[in-house]
J.: 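Sending over a structure as structure tokens; questions will come in a sec.
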Number of protein chains: 2
Amino acid sequence: MEKNLKIINACDTNCPVKKSLSILSGKWTMMILYQINTRTIRYGELKRAVVGISEKMLIQELNSLVEHNLVSKKAYPEIPPKVEYKLTELGLKTLPIIDQIAAFGLENLV
Amino acid sequence: MEKNLKIINACDTNCPVKKSLSILSGKWTMMILYQINTRTIRYGELKRAVVGISEKMLIQELNSLVEHNLVSKKAYPEIPPKVEYKLTELGLKTLPIIDQIAAFGLENLV
DNA sequence: AATATTTCTAACTATTTAGTAAGCACCCAA
DNA sequence: TTGGGTGCTTACTAAATAGTTAGAAATATT
């Protein structure tokens, strides 16, 4: 499966790493994906889970993730508002990345 | 191995994802690791491989990676200078992350 | 004597990204 | 009538990140 990633080409505009990072980079993006993970989660819960993020950033990131089709959003017409987020099929495919990043942090960083 | 990463805690200062990203985030960092990969590579080669990066950024990133012990540097006392970089043992442990990111890009992004 | 080579530094500027603070909408409960 | 809970927006400011330009150092080659 991950056999011949050793055949390396220069990182130009078609570099798969560059393309992935164009969507996944940013201070909060991967932490949000990590927190959503396999669950369905409300905006408020997520805000509490991602400690330190501002509402502006969280909304901004979520909008961007929805735009990129990594996250889906379901708003219930209730008062007070209730909005749920979860990973799309594509979003779920980022979890192996996140898992590796988490594992690296756990095993190697203080 | 990656069994119970489902037990999720809030992302505070001890979040492994956050800790990893503090080292690995940035526009060029992972692309540089991807390019170095398992080889020993000179500064100039690397510069050609990471298309679009400026010398300042490349040096800055390499210094930071050396500081974080992901990359080792060997300078030969020659003129013109010759400097080789390669991943350390710790740096090699980031390759599974990079591989996942590359795979995601290849399989899912245009 | 002038020029090219290779790695790296420094000063300065521009751009991108993130943080702060205030407020809106809606309905319910006190 | 006031205030609370929830999700979100806007305007403004600050900080982090990246780009540009110029140049140094020592030798080989022209």
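Please read all numbers here as calculations on a predicted model, not as lab measurements.
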J.: Calculate the interatomic distance between B:Leu58 atom CG and C:dT6 atom C1'; express it in whole Å.
T.: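 Answer to the nearest Å: 13 Å.
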
J.: Can you name the side-chain hydrogen bond (donor to acceptor under 3.5 Å, both in side chains) partners of A:Glu84, sequence neighbours left out?
T.: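 Here the qualifying residues are A:Tyr76.
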
J.: Report the C-alpha separation of B:Ile53 and B:Leu46 in whole Å, then their side-chain angles, then the decisive distance to 0.1 Å, and conclude whether the side chain to side chain contact (heavy atoms under 4.5 Å, CB included) test is met.
T.: CA-CA 10 Å; B:Ile53 196 170; B:Leu46 200 46; over 6 Å; no

J.: Kindly state which residues belonging to residues 62-88 of chain B come within less than 4.0 angstrom of DNA chain D, counting heavy atoms of the residue only, listed by number.
T.: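 Correct list: B:Ile79.
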
J.: From the options C:dT20, D:dA18, C:dT7, select the nucleotide whose nearest atom is closest to the side chain of B:Glu55.
T.: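 Nearest to the side-chain atoms of B:Glu55, counting from C-beta on, is C:dT7.
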
J.: Nearest 0.5 Å, please: how far is OG1 in A:Thr88 from CG in A:Leu70?
T.: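 Separation between the atoms: 5.5 Å.
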
J.: Tell me the interatomic distance from A:Ile53, atom CD1, to C:dT17, atom C1', rounded to whole angstroms.
T.: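 In whole Å, C:dT17 C1' lies 12 Å from A:Ile53 CD1.
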
J.: Round to a whole Å and report the spacing from CE of A:Met57 to P of D:dG7.
T.: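 Rounded to the whole Å, the gap is 19 Å.
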
J.: Distance check needed: D:dT20 P versus B:Ile59 CD1, whole Å only.
T.: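 Taking atom P of D:dT20 as the reference, CD1 of B:Ile59 is at 17 Å.
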
J.: Is a donor on one side and an acceptor on the other found under 3.5 Å between the side chain of A:Ser20 and the backbone of B:Gly105?
T.: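 It does hold such a pair.
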
J.: Got a sec, which residues hit side chain to side chain contact (heavy atoms under 4.5 Å, CB included) with B:Pro16, two or more places apart in sequence or on another chain?
T.: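 Only A:Tyr34, A:Ala102, A:Leu106 meet the side chain to side chain contact (heavy atoms under 4.5 Å, CB included) criterion with B:Pro16.
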
J.: Any idea which of C:dG23, C:dG19, D:dG19 is nearest the B:Lys56 side chain?
T.: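 The listed nucleotide nearest to B:Lys56's side chain is D:dG19.
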
J.: In whole Å, what is the span from the OH atom of A:Tyr43 to the C1' atom of D:dT9?
T.: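 The distance from OH of A:Tyr43 to C1' of D:dT9 comes to 11 Å, rounded to the nearest Å.
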
J.: Would you say B:Asp12's side chain and B:Asn14's backbone share a donor-acceptor pair under 3.5 angstrom?
T.: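 Between the backbone of B:Asn14 and the side chain of B:Asp12 there is a qualifying donor-acceptor contact (under 3.5 Å).
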
J.: For B:Leu21 and C:dT17, what is the distance between atoms CG and P respectively, to the nearest whole Å?
T.: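 It works out to 15 Å between those atoms.
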
J.: Using OP1 and OP2 only, check whether a side-chain N or O of B:Lys27 sits under 4.0 Å from D:dA16.
T.: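 For D:dA16, OP1/OP2 do not have a side-chain N/O of B:Lys27 under 4.0 Å.
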
J.: With distance as the sole test, does A:Ser64 use its side chain to make a donor-acceptor pair with the main-chain N or O of A:Gln60 at under 3.5 Å?
T.: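 Not confirmed, A:Ser64 side chain does not pair with A:Gln60 backbone.
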
J.: Between B:Gln60 (CD) and D:dA16 (P), how many Å, whole number?
T.: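 About 14 Å, once rounded to whole Å.
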
J.: Within this structure, what is the CD-to-C1' distance between B:Glu61 and D:dA16, rounded to whole angstrom?
T.: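 About 13 Å, once rounded to whole Å.
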
J.: Are any of B:Arg42's side-chain N or O atoms less than 4.0 Å away from OP1 or OP2 of C:dT7?
T.: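 Looking at the OP1 and OP2 atoms of C:dT7, one of them is under 4.0 Å from a side-chain N or O of B:Arg42.
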
